[in-house]
Each structure stands twice: as structure tokens, then as C-alpha cells.
Amino acid sequence: MLESRIIEIDGTFLGTVILEADRQTRRFYATHDSVRAFHNRTLHGSDDVTRQVARLYRRSHVDRHDATGGK
């Protein structure tokens with residue numbers, strides 16, 4: 001790992017984007033259950049995964065909120 005960047009949405013740590021040895025590829029390391037679908041996903045631009053992870057997290061958060069009746 002050469003470099004990493006934390007992804008945190010609304011105060012919740014979701015994971016880290018890790019720059020690989022080729023200095024081009026980035027890999028997402030998921031730490032939050034709501035974004036496990038993106039764990040180990042590789043990409044060539046870090047912003048793409050940040051937007052996707054945020055969308056998945058927020059969708060999961062809203063779905064869970066609706067399922068509990070807003071609690």
C-alpha cells in the first residue's frame with residue numbers, strides 16, 4: 001500500500017481507498033456492512049467509488065430507517 005484515503009459519510013467510517021503499487025489502480029477496502037458489496041472493488045479513479053459507496057450507504061440507511069418505522 002502506497003497511499004490510502006478514508007471514506008466517511010455522515011460521520012460513519014465506511015472504508016478506505018488504497019492506492020496499489022502500480023500507482024494507477026485503487027482498491028476499496030470496506031469496513032461497514034452496508035457497503036460490503038464494494039469490498040475489494042478496483043478502479044482507476046477514486047471519486048467514482050466514493051460516490052458509489054455514499055449512494056449505497058445512504059440507500060441502506062434509508063431502507064433500514066423505513067423498516068424500523070423511523071426509529
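Bear in mind the structure is a predicted one, so any value in this text is a computation, not a measurement. Residues take their numbers from the sequence shown, with the count starting at 1.
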Requested in this report: Could you tell me if the ring centre of H39 sits under 6.0 Å from that of Y29?
Outcome: yes

**Report entry** Any donor-acceptor N/O pair, S4 side chain to V17 backbone, under 3.5 Å
**Finding:** no

Report summary line: Note: I9 and A54 closest approach over all heavy atoms is CD1-CB, 3.7 Å

Query raised in the report: Which residue pairs pass the salt bridge (charged side-chain N to carboxylate O under 4.0 Å, His left out) test when at least one of the two sits in residues 7-19, sequence neighbours left out?
Result: D10-R58

Query raised in the report: Is the ring centre of Y57 less than 6.0 Å from the ring centre of H32?
Result: yes

Query - Nearest-0.5 Å distance, CD of residue Q52 to CD1 of residue I7 - result: 10.0 Å

Query raised in the report: How far apart are the C-alpha atoms of T50 and R5, what are their side-chain angles, what is the distance that settles it, and do they pass the side chain to side chain donor-acceptor pair (under 3.5 Å) test?
Result: CA-CA 10 Å; T50 301; R5 185 171 56 88; 3.1 Å; yes

Report summary line: Rounded to the nearest 0.5 angstrom, the OG1-CD1 distance for T25 and I18 is 12.5 Å

Query raised in the report: So do N40 and F28 actually touch side chain to side chain, heavy atoms under 4.5 Å?
Result: no

Report task. Could you tell me the separation between the CG atom of D22 and the OG1 atom of T42, rounded to the nearest 0.5 Å? Result -> 9.5 Å

Report task. Answer yes when E20 and R26 have at least one side-chain N-carboxylate O distance shorter than 4.0 Å, and no when they do not. Result -> no

Report task. Return the set of residues passing salt bridge (charged side-chain N to carboxylate O under 4.0 Å, His left out) with R36 (not counting sequence neighbours), or none when no residue passes. Result -> D33

